[in-house]
There are 2 protein chains.
Amino acid sequence: MAFHKKEEFTQKEQDLANFAKAMSHPARIAILKVLAQRNECICGEIVDILPLAQSTVSQHLKELKNAGLISGTVDGPRSCYCINWKAFEKFNNEFTSLFNNLKVKNEKACC
Amino acid sequence: MAFHKKEEFTQKEQDLANFAKAMSHPARIAILKVLAQRNECICGEIVDILPLAQSTVSQHLKELKNAGLISGTVDGPRSCYCINWKAFEKFNNEFTSLFNNLKVKNEKACC
DNA sequence: ATCTTATATCGCAAATATACGATTAATGTG
DNA sequence: CACATTAATCGTATATTTGCGATATAAGAT
């Protein structure tokens, strides 16, 4: 049975969906907020702030990293995470423009 | 075992995450695109366009509706969907401002 | 009244995501 | 070198998502 039909959509649709997926959990939103509020790379205090176990936080960080939204360098006993603003902005723009272009035409004709 | 820790985050974080979740599948992005490209409410041709079964499309529509991103009126044998631009814009703005505010300070100090 | 058409819903199977504790790995400290 | 600290990874349980076929529903057409 052919599950997993995601590949049948355009690359852009998939990329955008992956970005959204990375943002689709409040823990990951919270992590990004913590990272954003810092002027420097944060070194692991995220676990103390979030109501989640260390392994769970680590997993969320991994997902954000896979999505390209954060970058992290492991340095032995401590690691250093910060937001990848470039990637973030790229997705945010794509996301916004996807609909804003069409909005003006559409908005009046709606039910 | 206490699963489902999502409630332990702020309402705003949860709302934003739910919005992102609604956008986290390429099929739903594609549906929104189809709806946006129309000047009128679309009446069910979405199934013909997407590579998914009718029941699956119906489910995705339901999720978009639950998230408040589209509105749909069922009228017997046909239904009428269109994008809820107001809700969409609200989320999009929240989403953008969440990080843009903090970006200026942060961007230089990053690793 | 029966048939057709369009769509929602139900029931199920498979895949993913979420969470945690235990373990491992890597480095710095006594 | 033994030990503490920090974070990644593994194994596992549970929950959620995704997808489809079958069925139900609702209205128009014949």
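Proteins get letters first, then strands, A, B, ... in listed order; numbering begins at 1 in each. Values below: all heavy atoms of this structure, side chains included; hydrogens, waters and symmetry mates excluded. The structure presented is a predicted model; accordingly, all values stated were derived computationally and were not measured.
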- Item | B:R28 side-chain N/O to B:K21 backbone N/O, donor-acceptor pair under 3.5 Å |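 Present.
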- Query: Which nucleotide, D:dG19, D:dA7, C:dT27, lies nearest any side-chain atom of B:H25?
  - Reply: D:dG19
- Between A:L50 and A:A30, what is the shortest heavy-atom contact and its length? CD2-CB, 3.9 Å
[X] has an atom [atom1]; how far is it from atom [atom2] of [N], in whole Å?
X: B:I29; N: D:dT18; atom1: CD1; atom2: C1'; result: 16 Å
X: A:L61; N: C:dA19; atom1: CG; atom2: P; result: 13 Å
X: B:Q59; N: D:dT23; atom1: CD; atom2: P; result: 18 Å
X: A:I31; N: C:dA19; atom1: CD1; atom2: C1'; result: 13 Å
X: A:K62; N: C:dT16; atom1: NZ; atom2: C1'; result: 14 Å
X: A:E8; N: D:dT18; atom1: CD; atom2: P; result: 15 Å

So, OP1 or OP2 of [N]: does either fall under 4.0 Å of a side-chain N or O from [X]?
X: A:Y81; N: D:dA8; value: yes
X: A:K5; N: C:dA15; value: no
X: B:K21; N: C:dA17; value: no
X: A:S79; N: D:dA8; value: yes
X: A:S58; N: D:dA8; value: yes
X: A:H60; N: C:dA17; value: no
X: B:T56; N: D:dT18; value: no
X: B:R28; N: D:dT18; value: yes

- Message: Considering every strand and a 4.0 Å limit on heavy-atom distances, what is the contact class for A:E63: base, sugar-phosphate, or nothing?
- Response: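 Result for A:E63 = sugar-phosphate.
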- Task: Could you check whether the rings of A:F19 and A:F91 sit parallel, tilted or perpendicular, using 30° and 60° as the cut-offs?
- Result: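 Because their plane-to-plane angle is under 30°, the rings of A:F19 and A:F91 count as parallel.
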- Query: For residues A:N18 and A:Q14, is any side-chain donor paired with an opposing acceptor at under 3.5 Å?
  - Reply: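 Judged by distance alone, the side chains do not pair up.
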- Message: Could you tell me if B:Q11 and B:D15 have a donor-acceptor pair between their side chains, going purely by distance under 3.5 Å?
- Response: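 Yes, B:Q11 and B:D15 have a side-chain donor paired with an acceptor closer than 3.5 Å.
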- Query: Between B:Q54 and B:S58, is any pair of side-chain heavy atoms under 4.5 Å apart?
  - Reply: yes
- Item | Side-chain heavy-atom pair B:M23, A:L16 within 4.5 angstrom cut-off |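 Contact flag for B:M23/A:L16 side chains = no.
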- Does any residue of residues 45-55 of chain A have a heavy atom under 4.0 Å from DNA chain D, and if so, which ones, in number order? A:Q54, A:S55
